[in-house]
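Heads up: the structure comes next, in structure tokens.
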Amino acid sequence: MRPIAEPGRRASGPLVLALPKGRILAELMPLLARAGIRPETAFEDPHCRQLRFATNVRQLELIRVRSFDVATFVAFGAAGLGVVGSDVLMEFDYPEVYAPVDLGIGRCRLAVAEPASLSKEDDPSRWSHIRIATKYPEITRRHFAARGVQAECIRLTGAMELAPSLGLCRRIVDLVSSGRTLAANNLVEVEHIADISARLVVNRAALKTDPDGIGRWLERIREAADAG
Ligand code: PRP
């Protein structure tokens with residue numbers, strides 16, 4: 001479905017910044033503090049069920065959602081700004097989402113992995129059809145189609161590393177950071193797909209409507225990222 005902002009949405013409401021849950025928040029919050037953004041105390045409380053948070057800045061709110069959902073909230077204009085990994089942007093490729101700032105955090109890579117035992121005799125240049133468990137079926141299909149390999153993707157939303165040992169398929173495409181999750185599951189990287197980092201994203205229509213207000217936030221967060 002092509003995202004179109006709800007016509008009834010208040011153009012004058014608070015600007016919403018969508019943040020991804022998970023380990024990236026530990027790197028992101030000091031960056032936001034340098035940009036002068038501090039959330040209300042409930043944001044740091046792991047037991048709090050609140051999903052929408054005020055900040056020290058009047059008219060700026062934070063929401064905390066799954067990283068794939070950040071792109072969706074921003075694409076539909078429900079959030080004007082967001083922080084999301086370039087993996088998610090590559091997977092969805094929403095034309096309404098503009099990603100002008102590489103925040104230089106959340107650095108990792110997207111890679112193909114398989115059991116260490118298989119990799120000893122495997123030759124990726126001979127693959128013609130492979131089955132892959134992944135959260136990234138679009139990226140995976142595109143990556144392999146470019147060299148004439150047909151990738152049949154089994155979509156999972158987490159714990160991809162379990163798939164080979166349980167016989168779901170022999171290979172996975174997933175994010176790799178330290179490599180500890182692969183190693184703990186007897187998997188090895190056999191192919192690099194892309195380097196990944198977190199991006200500041202903006203809804204294009206919101207930027208057109210409020211170029212000064214949103215433009216100022218882009219600059220402030222860009223400066224905070226450069227100062228990190
Ligand atoms: C990511 C990714 C891997 C792991 C890689 O999952 O999907 O499982 O991190 O990190 P490593 O190389 O440092 O071990 P994450 O922990 O973010 O949770 P998820 O499975 O919910 O995506």
Side-chain angles (χ1 to χ4, degrees), residues 17-32 43-44 46-49 51 62-75 79 82-94 97 99 102-119 124 130-144 151-201 225 228:
L17 169 58
L19 303 181
K21 289 179 180 177
R23 56 173 119 167
I24 194 173
L25 273 183
E27 282 183 271
L28 184 56
M29 295 322 287
L31 192 159
L32 292 184
F43 187 86
E44 313 284 347
H47 303 297
C48 176
R49 302 298 298 160
L51 296 170
L62 303 181
I63 59 170
R64 194 171 44 195
V65 296
R66 287 171 197 266
S67 74
F68 274 62
D69 294 340
V70 169
T72 308
F73 275 96
V74 173
V83 172
V84 67
S86 49
D87 52 326
V88 176
L89 298 176
M90 285 167 69
E91 179 67 16
F92 282 136
D93 205 15
Y94 279 128
V97 176
D102 185 341
L103 296 173
I105 59 173
R107 288 190 188 280
C108 56
R109 54 198 182 275
L110 194 60
V112 186
E114 65 184 20
S117 53
L118 170 62
S119 78
I130 50 173
R131 184 180 285 177
I132 296 236
T134 186
K135 221 178 354 186
Y136 305 96
E138 291 302 322
I139 299 175
T140 302
R141 274 194 283 269
R142 275 202 307 267
H143 173 77
F144 285 107
E152 182 192 334
C153 295
I154 300 173
R155 193 185 183 109
L156 292 178
T157 56
M160 253 75 61
E161 293 84 357
L162 279 173
S165 67
L166 292 177
L168 192 59
C169 55
R170 295 191 296 174
R171 301 178 182 96
I172 65 169
V173 164
D174 197 12
L175 296 178
V176 182
S177 178
S178 66
R180 292 208 329 255
T181 311
L182 288 185
N185 290 282
N186 302 313
L187 300 171
V188 292
E189 277 176 80
V190 289
E191 211 166 294
H192 175 273
I193 296 181
D195 288 320
I196 303 298
S197 59
R199 307 295 161 96
L200 179 62
V201 294

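Computed from a prediction, not measured in an experiment: that's the story for all the values here. Atoms within a ligand are numbered from 1 in the order they appear, just like the ligands themselves.
Side-chain atoms of Glu191 never come within 3.5 Å of backbone atoms of Val112 as a donor-acceptor pair (strictly under, hydrogens ignored).
Here's the thing with Asp174: one of its N/O atoms is less than 3.5 angstrom from an N/O atom of ligand 1. Annotation: Gly179 places an N or O atom under 3.5 Å from an N or O atom of ligand 1; distance criterion only.
A 6.0 Å sphere centred on CZ of Arg142 holds more than 12 heavy atoms belonging to other residues, nucleotides or ligands.
The closest protein non-hydrogen atom to atom 5 (C) of ligand 1 is Leu175 O, 3.5 Å. Closest to atom 13 (O) of ligand 1, if we only count protein heavy atoms, is Ser178 OG, 2.6 Å. The protein non-hydrogen atom at the shortest distance from atom 9 (O) of ligand 1 is Arg23 NH2, 2.6 Å. Looking only at heavy atoms of the protein, atom 14 (O) of ligand 1 is closest to Thr181 OG1, 2.4 Å.
Of all non-hydrogen atoms in Ala151 and Phe144, the two that sit nearest each other are CB-CD1, 3.9 Å.
Classification of Asp102 and Arg199 as a salt-bridged pair holds, one side-chain N sitting under 4.0 Å from a carboxylate O. Taking 4.0 Å as the cut-off between side-chain N and carboxylate O, Glu114 and Arg170 do not count as a salt-bridged pair.
The nearest protein heavy atom to atom 7 (O) of ligand 1 is closer than 4.0 Å. Remark: atom 11 (P) of ligand 1 lies closer than 4.0 Å to at least one protein heavy atom.
Inter-residue side-chain proximity for Leu175 and Lys135 is flagged as unmet; no heavy-atom pair is nearer than 4.5 Å. Side-chain contact between Ile172 and Glu161 is present, with at least one heavy-atom pair separated by less than 4.5 Å.
Within the 4.0 Å heavy-atom criterion, neither part of Met160 lies near ligand 1.
Atom CG of Asp87 and atom CZ of Phe92 lie 10.0 Å apart (nearest 0.5 Å).
Atoms of ligand 1 found under 4.0 Å from any heavy atom of Val176 (numbered from 1 in listed order, with element): 12 (O). The distance from ligand 1 to the heavy atoms of Glu161 drops below 4.0 Å at these ligand atoms: 3 (C), 8 (O).
For the pair Lys135 and ligand 1, a heavy-atom separation below 4.0 Å is found.
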